[in-house]
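Here is the naming used below: chain letters follow the sequence lines, and residue numbers restart at 1 for every chain.
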Amino acid sequence: MERYDFKVIEEKWQKYWSQENMFRVSEEPGKPKYYNLEMFPYPSGNLHMGHVRNYAIGDVVARFKSMSGYNVLHPMGWDAFGLPAENAALHNGIHPAVWTHANIDNMRRQLKTMGITYDWDREVATCKPDYYKFTQWMFLKLYENNLAYKKKAAVNWCPGCQTVLANEQVVEGACERCESSVEKKQLEQWFFKITDYAQRLLDDLEKLPGWPEKVKIMQKNWIGRSEGCQFSLAIEGSEETLTVYTTRPDTVFGVTYMVLAPEHPLVETLAAGKPQEHEIKDFVKRMKGTSDIARTATDVEKEGIFTGAYAINPMNGERVPIWIANYVLLEYGTGAIMAVPAHDQRDFEFARKYDIPIRVVIKSEDSPAEASTMTEAYTGDGCLINSASFDGLSVNDGKKKVNEYMKANGIGEATINFRLRDWLISRQRYWGAPIPIVYCPDCGMVTVPEKDLPVLLPEDVEFKPSGESPLNYVESFYSTTCPCCGGPARRETDTMDTFVCSSWYFDRYCSPKVADTPFNREAADYWMPVDQYIGGVEHAILHLMYARFFTKFLYDINMLSCEEPFTNLLTQGMVLKDGSKMSKSKGNVVSPEDIINTYGADTARLFILFASPPERDLEWSDQGVEGAYRFLNRVWRQVLEYSDKIKGGDIPKDYGNLSSEARAMRYKTHYTIKKVSEDIEERFNFNTAISAIMELSNTLNGFKNFASDNLPVVKEVVETMLILLSPFSPHICEELWQACGYNQSIYLTPWPVYEQEALKQDEVEIVLQISGKVRDRLTVPADASEEALREIALNSEKIRELTKYKNIVKIIIVPGKLVNVVTK
RNA sequence: GCGGGUGUGGCGGAAUGGCAGACGCGCUUGACUUAGGAUCAAGUACCGAGAGGUGUGGAGGUUCAAGUCCUCUCACCCGCACCA
């Protein structure tokens, strides 16, 4: 018998699939479509195990859906702009474009050895002009619709990457990428107004039943909607008013001080001429110099200073001191708050520290209405006290009534606030899509006309860590003419955040070659939305939120018919080695290329899918890989043992008059079809699907002695086993399928449907329990009635013996499963 | 602090409220072999000689029956983290 030579086999079939254009698809209106997408990789140079896992999972789904009769779109591409390419240029003197394309070539080669069903004709790379042309087009459309704007803002500056970061890219005060401590910098930056979509991004989460609850909750928290009220207070001895936002208008009678963020514009005005002006300035200066983490972490002690100014509480005319404190953020709400120490823990701590009065205005059974004995703020429900005419109302009614009162008296009104901030997209780097804007001394800020896109990245660029875009030093790039007046003008030299590029790539896949529009409407209408999206949970907020925003925007400008891009989302777990994430620094990296060279792609795929369900983390095990390899070898020998005998069409599909062994074999076969189909389709439990196939192989092995008398049954088992295994380990299955006499690819074979008839059993084993403890097992007719089961149970020797001295209280019968005799 | 998740043999992991540990790894024994790190066969949660008993992080509870449902609690992991 030939040995299992995976190298030869895998190359052979990859070549065959490619020559036959097996995975090339086009719109077929009559066929149900299925858009199956895995997150495209950043071309770092080498495939890692996380990719292998991601793409192996995706390929099982794609192959299964295709064999089940769907027209499956399964594309692949490259998230090819980004910092590492530029860092490579900085450190090794390789041009980012050269570095990136070499990496893409290598990773494409590696990916192809995995035998995945990609339609490579649709490959995209975001760094290519024919792609980023349309990333720029997206910018123009957003700009036209007032969703792109420039403003000076305190932004997150990463000294390591020498660029600004989006809020989302700052993790615990540090750069998500290089872990440098992020600094605050005032810069003119471009933003996308994602906040305009906050409510819809929140509401439509409910239209996504196919998303993990966890991801939806994370997005919900990130959007952070809160309902409250905004109102203004007069400032004593000043024309200025102070506006605050609160979610607790019901506690407005408990206000004992006000707080401004240190950066609040009123600070300077209020401090001017006050005796403590100097101290205030020092304090503000110190706060501005403190990094975000140092200032906003929960465990940082609250700090503040009195401005010397007073505001007038419009509800009761009281004079309340205005403070400045580190715990109030300029960016949220109005950058100023009313402080109610009795009912807000932060205000409580601050008030205690600075001896500011505390006044209780909510009373309930479990809160002492006594400020002096309070040990923490009371934030629960209760009824209003010390609140003039509002006394006696519940917290909820209090909120409503105070809102109404403020509205009626022109003091303020109910408002909704979001935690979500606008998306900062400017990057002071070279390797990104240039922002298509021109600054003209006469016409001001002008957009590049659509017909002039793309604004090409110049090739001849010098890379140095200057904190400015290298494009700033390329005269041929920045010096241009104004599209309006034709006079000399200067280009914007910032490029776009790479998340912009990845916010619409799934649309591009629908018609990747069109040149006059980002994607063809009919193609997008056919394929979109993505039916199944698969990728790492680390993108739960960033990429997935931005992609949703873009999709809604494209829907609004009538480019797309769907409002949500991804109907179903599967977030896969990490690949671990020795309990921790594979990383160079830990030295626990297992190279996919090595594994594929040693065991083959079929083994690598099988192991990674078998070792753990997709959503969970996966512990890499070299011995586990051996096990998967052994199993494939076993299938190889097992199939070849029978292939000659079952080849050809002369074996009838005749399953009448079978022995009980043969019937059991058929039962197992059809049970496995059912199990594997359901495990793939309904639950993505590939590990249990594979174990079911292993069981089928084991059962076939035990059937050995009956095989020659039951060739129709053997043929059925062998062929079924190959089809069921083919989404997991496709190459070996193709080879064996051919050995079984088929000329057509197994990929084109319809997915089997289990026969109800074969799943009927004559006899089943049931369990006999006494008071819930298993005491015996019996084989009984599968259709035994409750009555019959009761008889059988009570007459069983074991039960009679064990219940001899006991009273039988009742008998629970679960037909086909068990009989439980309850005694006293 | 808030939100979410996970805890099951030596290991990865299975179990619509109905036989805990499927399947695989590892290990033990045997067979075939000059040999075995190949292959095949048998075994493998724990205690116990056995009958039997005990077991799903811990403590309670519901139920004829709990890994699964409820209450409390512990450990680890992830996300958010002064958002007024």
For [N], does either OP1 or OP2 sit under 4.0 Å from a side-chain N or O belonging to [X]?
X: A:R616; N: B:rA14; answer: yes
X: A:R634; N: B:rC23; answer: no
X: A:S621; N: B:rG24; answer: no
X: A:S612; N: B:rG13; answer: yes

A:Q230 side chain to A:T334 side chain, donor-acceptor N/O pair below 3.5 angstrom: no
Donor on one side chain, acceptor on other, A:S226 and A:Y332, under 3.5 Å: yes
Of the nucleotides [options], which has the atom closest to the [X] side chain?
X: A:I337; options: B:rA84, B:rG24, B:rG13; value: B:rA84
X: A:R683; options: B:rG12, B:rA15, B:rG53; value: B:rA15
X: A:K773; options: B:rA81, B:rU54, B:rG24; value: B:rU54
X: A:K817; options: B:rG13, B:rA41, B:rU16; value: B:rU16
X: A:A611; options: B:rA84, B:rG79, B:rG12; value: B:rG12
X: A:S691; options: B:rC80, B:rC25, B:rC23; value: B:rC23
X: A:V328; options: B:rA84, B:rG24, B:rC82; value: B:rA84
X: A:R630; options: B:rG13, B:rC25, B:rA84; value: B:rC25
X: A:Y245; options: B:rG4, B:rA84, B:rG79; value: B:rA84
X: A:N687; options: B:rG18, B:rC23, B:rA14; value: B:rA14

Return the value, rounded to whole Å, for the distance between atom [atom1] of [X] and atom [atom2] of [N].
X: A:E538; N: B:rC80; atom1: CD; atom2: P; value: 12 Å
X: A:K704; N: B:rC40; atom1: NZ; atom2: C1'; value: 7 Å
X: A:I223; N: B:rA81; atom1: CD1; atom2: C1'; value: 17 Å

Measure the acute angle between the ring planes of [X] and [Y], then classify it against the limits of 30° and 60° as parallel, tilted or perpendicular.
X: A:Y257; Y: A:W323; result: perpendicular
X: A:W620; Y: A:F607; result: perpendicular
X: A:Y354; Y: A:F350; result: tilted

[N]: pairing nucleotide in any strand, Watson-Crick or G-U under 3.5 angstrom:
N: B:rA14; result: none
N: B:rG1; result: B:rC80
N: B:rA31; result: B:rU39
N: B:rU44; result: B:rG26
N: B:rA75; result: B:rU6

Earlier contact from the 5' end, RNA chain B, for A:A692 and A:M338: A:A692
Taking the same atom, [atom1], in [N] and in [M], what whole-Å distance lies between them?
N: B:rU44; M: B:rA22; atom1: P; value: 10 Å
N: B:rU16; M: B:rC64; atom1: P; value: 23 Å
N: B:rC23; M: B:rG30; atom1: P; value: 24 Å

Salt-bridge criterion met for A:E303 and A:R286 (N-O under 4.0 Å): yes
NZ/NE/NH1/NH2 to OD/OE distance under 4.0 Å, A:K353 and A:E301: yes
B:rC82 base / A:K302 side chain donor-acceptor hit below 3.5 Å: yes
Assigned glycosidic conformation for B:rG9 [threshold 90° from 0]: syn
Could you go through nucleotides 60-65 of chain B and list every protein N or O atom that sits under 3.5 Å from one of its N or O atoms, giving the distance for each pair?
| unit_1 | atom_1 | unit_2 | atom_2 | d |
| --- | --- | --- | --- | --- |
| B:rC64 | O2' | A:N820 | ND2 | 3.4 |
| B:rC64 | O2 | A:N820 | ND2 | 2.5 |

